[in-house]
There are 2 protein chains.
Amino acid sequence: MLTVNDVKLTSTVAFRMGVLGTIVGDRFAERLAVHDVKPKHVAMLSVLESGMAASQLEVAKIMRVAPSLVVSLADHLEGLGAVRRERDPEDRRRQVLALTEEGRGLLARCTALARAMDEELVGGLAPEEEAGLRNVLRRLASAEGLPE
Amino acid sequence: MLTVNDVKLTSTVAFRMGVLGTIVGDRFAERLAVHDVKPKHVAMLSVLESGMAASQLEVAKIMRVAPSLVVSLADHLEGLGAVRRERDPEDRRRQVLALTEEGRGLLARCTALARAMDEELVGGLAPEEEAGLRNVLRRLASAEGLPE
DNA sequence: TATTGTTATACTCTATAACTATA
DNA sequence: TATAGTTATAGAGTATAACAATA
């Protein structure tokens, strides 16, 4: 082959997803600030709501973060009244995290913020383009072993 | 309305793009390590290659990072022989960053890594799904004012 | 004075390691 | 001894502020 590879870095899926992910994540974080939470706090609420994990160590594994980070996330959410820590009577080492009614409301409010961002993000797309994007994101998330 | 909003946070475009962007970005960073660079270094090479910016302050604006960060990125790339700093004779305050041949080669090798990741990422998609994804990512990037 | 680049400093996020309580 | 959680510490990444050189 005599032709050269002139694909630009910035047009690769990997580079664009990384950059757009950072921008979208930062913007989500800014908006979450009114509720005094960060994306990882909301991710934790979501994990608890799904019932996929209850103890802090289980939550850490699902979220792919260090157990020590779960401690501080849970501390903050507990301070907001969004979660309660309950000792497992069968194994008193385990702290079972329980979503409170306040926590469910907080999750709903944060989800509403994400949906509002979605409208801004995909508002300029044709319906079939939006459907295609959602479908592909769902499949990529699934391929990465992410929940839902 | 009596129905409740039961859209899940994890299925929003905003949340998924943020999470997938982090995963993809981290993976790209891991692979770039063999070339002793990080994503921002490669982004800078790409900006220089595009000719959209030359002075460090211009590069900082295009990349949306602090000027002080451009200093350390340029220091590192200069150490690798990928860029040269040249004082602008017309305004000796300006450091014009010039991509070297070595820098072009480095950019090409890093772009090849991104393309290899693309194949893994979209390999499971149908051709029209992949085309749709690339099209949508290009439009979202454009809407965010990103280059290319 | 204003601007470009640099250096010094501090802050955020998160992981690793040491430690406590329970098993 | 091993495990769940916690606390202490450290590192990466990046911004802000102070500074130097030039305009």
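Every chain is numbered from 1, with letters handed out A, B, ... down the list of sequences.
Here R94(A) pairs with E58(A) in a salt bridge; the nearest charged N to carboxylate O distance falls below 4.0 Å. E30(A) and R27(A) are not joined by a salt bridge, as no carboxylate oxygen comes within less than 4.0 angstrom of a charged side-chain nitrogen. Of the charged side-chain nitrogens involved, at least one lies within less than 4.0 Å of a carboxylate oxygen, so that R85(A) and E78(A) count as a salt-bridged pair. Ion pairing of E129(A) with R139(B) is present here, as a side-chain N (NZ or NE/NH1/NH2) and a carboxylate O approach within less than 4.0 Å.
Residues of residues 77-100 of chain A that place a heavy atom closer than 4.0 Å to DNA chain C, in numerical order, are D91(A), R92(A), R93(A).
Side-chain N/O atoms of S68(A) and base N/O atoms of dT16(C) include a donor-acceptor pair closer than 3.5 Å.
As judged by a 4.0 angstrom heavy-atom cut-off over every strand, S55(B) is placed among residues touching the sugar-phosphate backbone only. Among the protein residues, V65(A) comes within range of the sugar-phosphate backbone only, with heavy atoms under 4.0 Å from sugar or phosphate atoms but none that close to a base.
What separates CG of L57(A) from P of dT6(D) is a distance of 11 Å, to the nearest Å. Atom CG in D26(A) sits about 11 Å away from atom P in dT14(D), given to the nearest Å. Separating the NE2 atom of H76(A) from the P atom of dT14(C) is a distance of 13 Å, rounded to the nearest angstrom. Across the protein-nucleic acid pair, E30(B) atom CD and dA15(C) atom P stand 13 Å apart, rounded to whole Å. The interatomic distance linking K61(B) (NZ) with dG5(C) (C1') rounds to 12 Å, in whole Å. dT14(D) atom C1' lies 12 Å from atom CE of M63(B), rounded to whole Å. With rounding to whole Å, L73(B) atom CG is found 15 Å from dA12(D) atom P. dT16(D) atom P lies 12 Å from atom CG of L69(B), rounded to whole Å.
With H76(A) contributing its side chain and D36(A) its backbone, the two residues share a donor-acceptor pair below 3.5 Å.
Each of dA15(D), dG5(C), dA12(D) was ranked by its minimum atom distance to the side chain of K38(B); first place goes to dA12(D). Among the nucleotides dT6(D), dA4(D), dG5(C), the one closest to the side chain of V71(B) is dG5(C).
Ring-plane geometry between F15(A) and F28(B) is classed as perpendicular, the angle between the planes exceeding 60 degrees on a 0 to 90 degree scale with a lower cut at 30.
Between V13(B) and D118(A), the closest heavy-atom pair is N-OD2, 2.7 Å.
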